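Only a predicted model underlies this, so the values are computations on that prediction, with no experimental measurement involved. Just the heavy atoms: all of them, side chains too, but no hydrogens, waters or symmetry mates, feed the values below. Start at 1 and go down the list; that is how both ligands and their atoms are numbered.
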Amino acid sequence: MAQKDHMIDGNRPTLCMPDGQKSCFACCPPIRPAAYEHLTHTNIVKRILRENTADFDSRGEEVRPITGYSCWALGYLDSEYKVIGCLLHPARHGGLDHRFRVDYGGKCGREICPEAKTFSLLSSPASRFWIRLADGLDSFAYSSRKENPLFHLLGWGGPLLSRIAEEERDKIPTRESFLSGYVFFGTALLPKGNAYLLRKVVVPGGIRLLKEEKFKCSFERFSMELSEEFGRKTPPASDSTASHLLDLEQDFKDFLRLHLGFTRIHLHEALLLKEKVDLRIERFRRTST
Ligand code: SF4
């Protein structure tokens, strides 16, 4: 997330550069093994970042492709060595983009992680509410999926996060106070695969349910029942469509693919399934709220 073009906005926090104390550098460069966690290599990464910063020649034009898992242009952006980001970014070069020097095509300016995308769609007050949950984290903890709760929470989707921020607008949460109040977010359910269900159940007026342990348990059971009842049991037809390409709501497509296991499906089958699932959701919502 280190300083993507479409994330620079002086009027509101962005997920990659929320304030002058920290930044997210988790996706620079985006070619690491799936379970990579830089926190386990903090000392080595800090040394590399210091070397990159010291060796950086801002007037250079040389093209040096990225090799291995680390980019030579990732370094410290401030004199206190707190904020980590791209030394070639146009924001540091009077608007001129020098990222061609790593020979990565347009990828550096274009790529954005799903969480940053969701965050960028929140209103300014909502983004300011949520970013408080990362107060006190340094750039290393902030860039870690394990340490930064925003990575997990943003998986539940913009509509839910916006409603919670609205509901809590007069409060100033800390990470601890928020997570101990909203017990639901202690669930082991996969946020992206269940965001559709949760949105349909609680966004219409049941946000308070997220503070009840009883609701968390019954929602977990409900989610499991749907997966057992509607989950894919036979291989997809060869002429079916990749489910992420269907013309349906994004969180329903995520539910289909990640929770029910339909990587491919015909649109009419998906619509039929949606009708059945929506009926079940409505029944569950009426008994929960
Ligand atoms: S050139 Fe900049 S944006 Fe691209 S991977 Fe390197 S540090 Fe990240």
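- Contact atoms of ligand 1 toward Val102: 1 (S) (distance under 4.0 Å to a heavy atom of the residue).
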Exercise for review: Could you give me the CA-CA distance, side-chain angles and deciding distance for Glu115 and Arg145, then say whether salt bridge (Lys or Arg N to Asp or Glu O under 4.0 Å) is met?
Suggested key: CA-CA 11 Å; Glu115 291 83 6; Arg145 287 184 172 267; 3.0 Å; yes
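- Every residue meeting the side chain to side chain donor-acceptor pair (under 3.5 Å) condition with Asp251, not counting sequence neighbours, appears here in chain and number order: Arg199.
- Among the backbone and side-chain atoms of Cys28, an N/O/S atom is found under 2.8 Å from atom 8 (Fe) of ligand 1.
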Practice item. Begin from the C-alpha positions of Glu212 and Lys216 and carry the test salt bridge (Lys or Arg N to Asp or Glu O under 4.0 Å) through to its verdict. Key: CA-CA 7 Å; Glu212 296 173 10; Lys216 173 174 159 268; over 6 Å; no
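- In summary, the atoms of ligand 1 found under 4.0 Å from a heavy atom of Cys108, numbered by their order in the structure, are 1 (S), 3 (S), 4 (Fe), 5 (S).
- Under a 4.0 Å N-O distance rule, the pair Glu166/Arg163 qualifies as a salt bridge.
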